[in-house]
Amino acid sequence: MPLSNSPSRYGGLTKTFHWLTALFILTALPLGLLAENAPFADGDQLARKAMLFSLHKTVGIAAFFTALLRILWALGQTRPGLLNADNRLEAFGAHLVHWLLYGAMLLVPLTGWIHHAATTGFAPILWPLGQDLPLVPKNEALADITAMMHFTFMIVLALSILAHVGGALKHAVIDRDQTLQRMLPGTNTAPDPEPESPSHAPLLSALVIWAGAVGIGITAGLGGLASDTDAGPATTLQAVASGWQVQDGTLNLSVVQFGSAVDGQFTNWTAAITFDETATSDKHGNVDVSIAIDSLTLGSVTDQALGPDFFDVIAHPVATFKADILKSDTGAFVAEGVLTLKGASLPVTLPFDLTIDGDTATMQGQTTLNRLDFGIGANMPDESSLGFAVTVDISLVAEHDKG
């Protein structure tokens, strides 16, 4: 069987690309639906959900590259004409569906891939590449928009597949022509097709549909962001009087889930700091930190992290860390105190580096907590699904308040 197309039949390579693309797409779609609806009440269920999502993403990327190769091959090939080109309405529909399929084969996996790269997810791609993409930042808004575009394009893909399969069955069962056989292995006895009058109407119609799908996806993504913003009042922390006023700072955390690091950040916190660099005793001051738990962002698992099995933000909206600032014999600084989180109060030590330039202090510190000590993720007592260690990084710039 020749590899290249002719005016009356498809070549072997075109057939291979066609059925391989179909296999990947018809595998990725149910995997995505199963993953989306899979429960995650405990560690075993979450591991199953993550594996389904990982398989979905992995097959989706395979579908993307297969479709890309298929389209590149098709650009240099003769496209066999339709056997019923005299039926203008059916011919228009056939060409329109093919243009929609070509777009969907690329846009569905591509938007899913961008969504994965833009967020910190718990289900890694199983290929040895692709966890990040060039020019795609970790950005919640981008992740939400591409997630909705991915869903919208998937609807277009599913409808196009149904129309494509329906058309093929119509040719086989009702028309009893050789349209379907031309894409099956082996030879066929299809007559040479009648010449078609070239028309750009199917392509233009497909572009209109894709423009509508893009608009719907972007609008839905932005609407999701707005609903998240309006979901409820954020925790309000009281203003604090501090000898050193924090001008800028970050409070980050990182945990390993299914072998991949998931990074997050608390964006709403306060720190009341007293500090005397010239103190003659070991104690140089103290710090009182309050953290609004609902300000946490943790990639694609933010909602899960704020739920009752983890931070339980409804019952415990604020965490506190009250500590003395001490200086060791080696000259290093450390904050030793008590962290109260999710109703548990435990001693925590935070070593940090401190640089003071005039009235400006720059601090960077890191400590590691065991999530089980605070009852976080107690339903996941196995590190294979969620690591016990949570790394906490804090950095800030503060200015001395001489008032």
Spatial distance of atom CE (Met149) from atom CD1 (Ile216) [nearest 0.5 Å]: 11.0 Å

Lys138 bridged to Asp263 by N-O distance under 4.0 Å: no

Rounded distance [0.5 Å steps], CD in Gln366 versus CD in Gln364: 10.5 Å

Side-chain donor or acceptor of Ser242 paired with backbone N/O of Ile273 under 3.5 Å: yes

Atom CH2 of Trp269: over 12 foreign heavy atoms under 6.0 Å: yes

Closest non-hydrogen atom pair, Met105 against Ala67: CB-CB, 3.6 Å

Salt bridge flag under 4.0 Å for residues Glu36 and Lys49: no

Distance in Å, Asp303 CG paired with Leu296 CG, rounded so as to fall on 0.5 Å steps: 10.0 Å

Side chain Thr367, main chain Val392, donor-acceptor under 3.5 Å: no

Check: Thr119 side chain, His116 main-chain N or O, donor-acceptor pair, under 3.5 Å: no

Smallest separation among heavy atoms of Val59 and Phe24, with atom names: CG1-O, 3.3 Å

Nearest atoms (heavy-atom pairs only) where Ile291 meets Val289: CG1-CG1, 3.9 Å

Atom pair CD1 (Ile293) and CZ (Phe311), whose distance is rounded to the nearest 0.5 Å: 5.5 Å

Aromatic plane relationship, Phe352 with Phe333 - under 30° parallel, 30 to 60° tilted, over 60° perpendicular: parallel

Donor-acceptor pair, side chain of Asp357 and main chain of Thr360, under 3.5 angstrom: no

Atom of Ala213, atom of Thr152 and distance for their closest heavy-atom approach: O-CG2, 3.4 Å

Whether Tyr102 and Trp99 hold their rings parallel, tilted or perpendicular, with breakpoints at 30° and 60°: perpendicular

Salt bridge flag under 4.0 Å for residues Lys342 and Asp312: no

CG-CG distance between Asn370 and Leu346, expressed to the nearest 0.5 angstrom: 10.0 Å

Donor-acceptor contact below 3.5 Å, side chain His56 vs main chain Ala28: yes

Any Ile394 side-chain heavy atom under 4.5 Å of Leu350 side chain: yes

CG-CD distance between Leu72 and Gln77, expressed to the nearest 0.5 angstrom: 12.0 Å

Donor-acceptor under 3.5 Å (His150 side chain, Thr146 main chain): no

Exercise: identify the closest heavy-atom pair between Ser160 and Val97: O-CG1, 3.5 Å

Donor-acceptor contact present, side-chain Trp127 to main-chain Thr58, <3.5 Å: yes

Any donor-acceptor N or O pair under 3.5 Å, side chains Ser395, Thr250: yes

Side chain to side chain donor-acceptor pair (under 3.5 Å), paired with Asp177, selected from Arg182, His171, Lys170: His171

Carboxylate-amine/guanidinium contact Asp282 Lys327, below 4.0 Å: no

Polar side-chain atom of Arg371 near backbone of Leu386 as donor-acceptor pair, under 3.5 Å: yes

Shortest non-hydrogen contact between His115 and Ala147, atoms and distance: ND1-CB, 3.6 Å

Trp244 and His400 aromatic ring geometry - parallel, tilted or perpendicular at 30°/60° bounds: parallel

Side-chain donor-acceptor contact under 3.5 Å, His284 with Asp276: no

Residue pair Gln265 / Asn252, side-chain donor-acceptor N/O under 3.5 Å: yes

Pro185 side chain near Lys15 side chain, heavy-atom distance below 4.5 Å: no

Over 12 non-hydrogen atoms of neighbours within 6.0 angstrom of CZ in Phe151: no

Flag, side chain of Thr274 to backbone of Asn286, donor-acceptor distance under 3.5 Å: yes

